[in-house]
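Presented below is the structure to which this report refers.
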Protein chains: 2
Amino acid sequence: MAVPLYQAKAEFFRTLGHPARIRVLELLSERDHAVHELLDGIDIEPSNLSQQLAVLRRAGLVEQRREGGQVLYSVSVPEVRDLLLSARVIIRGVLADRVELRDELATAAAAGRSR
Amino acid sequence: MAVPLYQAKAEFFRTLGHPARIRVLELLSERDHAVHELLDGIDIEPSNLSQQLAVLRRAGLVEQRREGGQVLYSVSVPEVRDLLLSARVIIRGVLADRVELRDELATAAAAGRSR
DNA sequence: CGCGCACTTACGCAATTCTTCAAGTCGTAC
DNA sequence: GTACGACTTGAAGAATTGCGTAAGTGCGCG
């Protein structure tokens, strides 16, 4: 395909690039949730959540269905769960590196002062 | 840790949410590249590339080192390669779904017209 | 030293994304 | 039918991000 695939990738990652949307995907990868349930676990306004859900829907990552008086959401691409997990690993690595660096700097600074 | 991990995740994904940055990571996961080499493969202005590299550096995903008259970059977190691969899988899935949906709609529309 | 190459930083403007408020839809229950 | 709860949509302003031009840094070489 001559179409820029890395463009699609960037778009995909951008849709993951929001705390509320990450939170939604994490909750939904445990089990399906109604909107008001999501709302209990994510501290934002209903309308805002709805907008973020719309973003995820447009990206094709979640699906909605009506059931009784409420709307249920589910992840439509199961691999997302794996992705979130590997992201967690990477982030731990990066954060750990940063802590080490910070500690080194702190130690060096202390050594400098004491000398 | 009481610190919102999903916040860090969102930030992480946002740094991946740019075509040039994706491109850089893909090129760097093949082998280390000098900036001017990256420039050959990425059609943007030097200063722009530099900015994107700075973003990746701040996120701790790449490292730079000077060698001769040029600056070499390398990925500092090897797992990124895996992440890009699983992203590709997911995207293929999502895009395929969309094509199906589009086809269905087209078929339905055609059926509607012919009736 | 001084020039040029390879790259980076500053800065201002355009474009995108986020957030909130207000209004609207859809089903259910009274 | 109308009132209410559960959501969604629209629109507008604030906040971020992206990009180009221009200016700067650092090195190696004649």
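Letters A, B, ... are given to chains in the order of the sequence lines, protein chains preceding strands, and every chain is numbered from 1.
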Between residues 16-35 of chain A and DNA chain D, which residues have a heavy-atom gap below 4.0 Å?
A/Ala34, A/Val35
A/Leu49 CG to D/dT8 C1': how many Å, rounded?
11 Å
Measure the distance from CG on B/Leu53 to C1' on D/dC19 and round it to the nearest whole Å.
15 Å
Gap between atoms CD and P, on B/Gln70 and D/dG26 respectively (whole Å)
19 Å
Starting from C1' on D/dT8, measure out to CD1 on A/Ile44 and report it in whole angstrom.
14 Å
Lys/Arg N to Asp/Glu carboxylate O, A/Glu11 vs A/Lys9, below 4.0 Å:
no
I'd like the 5' and 3' limits of the part of DNA chain C contacted by chain B, with heavy-atom contacts below 4.0 Å.
C/dA6 to C/dA10
What is the distance from atom CG of B/Leu27 to atom OG of B/Ser29, rounded to the nearest 0.5 Å?
8.0 Å
To the nearest 0.5 Å, what is the distance between OG on B/Ser74 and CG on B/Leu61?
11.5 Å
In Å, rounded to the nearest 0.5 Å, how long is the span from CG of A/Leu28 to CG of A/Asp32?
7.0 Å
A/Arg66 CZ to D/dG5 P: how many Å, rounded?
15 Å
Counting only side-chain N and O atoms of A/Tyr73, is one of them less than 4.0 Å from OP1 or OP2 of D/dT8?
yes
Please confirm whether the shortest side-chain N or O distance from A/His36 to OP1 or OP2 of D/dG5 is below 4.0 Å.
no
Reading DNA chain D from 5' onward, which residue's closest nucleotide shows up sooner: B/Gly69 or A/Gly69?
A/Gly69
From A/Val55, A/Leu56, A/Val35, residue fulfilling side chain to side chain contact (heavy atoms under 4.5 Å, CB included) relative to A/Val24
A/Leu56
When all nucleic acid strands are considered with a 4.0 Å heavy-atom cut-off, which category describes B/Glu45: base, sugar-phosphate, or nothing?
base
Taking NZ, NE, NH1 and NH2 as the nitrogens, is one of them in B/Arg81 or B/Glu26 under 4.0 Å from a carboxylate oxygen of the other?
no
For A/Gln64, answer base if it contacts any base atom (sugar-phosphate contacts may also be present), sugar-phosphate if it contacts only those atoms, and nothing otherwise; contact means non-hydrogen atoms under 4.0 Å.
sugar-phosphate
I want to check something: taking the side chain as every heavy atom from C-beta on, are A/Leu38 and A/Leu53 in contact at a cut-off of under 4.5 Å?
yes
What N/O pairs connect the protein and nucleotides 9-12 of chain D at under 3.5 Å? Give each pair on its own line.
{"residue": "D/dT9", "atom": "OP2", "partner": "A/Arg57", "partner atom": "NH2", "Å": "3.2"}
{"residue": "D/dG10", "atom": "O6", "partner": "A/Gln51", "partner atom": "NE2", "Å": "3.3"}
{"residue": "D/dA11", "atom": "N6", "partner": "A/Gln51", "partner atom": "NE2", "Å": "3.3"}

For residues A/Arg57 and A/Tyr73, is any side-chain donor paired with an opposing acceptor at under 3.5 Å?
yes
How about A/Leu83 and A/Glu79: do any of their side-chain heavy atoms sit closer than 4.5 Å?
no
OP1 or OP2 of D/dT17 under 4.0 Å from side-chain N/O of B/Arg14
yes
Just how far is it from atom CZ of A/Arg23 to atom CD of B/Gln7, taken to the nearest 0.5 Å?
11.5 Å
Which whole-number value in Å describes the distance from A/Glu37 CD to D/dG5 P?
18 Å
Take the protein atom CG of A/Leu56 and the nucleotide atom P of D/dT8, then report the distance between them rounded to whole Å.
12 Å
Treating Ile, Leu, Val, Met, Phe, Trp and Tyr as nodes and any side-chain heavy-atom pair under 4.5 angstrom as an edge, say whether B/Leu25 and B/Leu72 lie in one connected cluster.
no
Between B/Arg31 and B/Glu37, does any side-chain N to carboxylate O distance fall below 4.0 Å?
yes
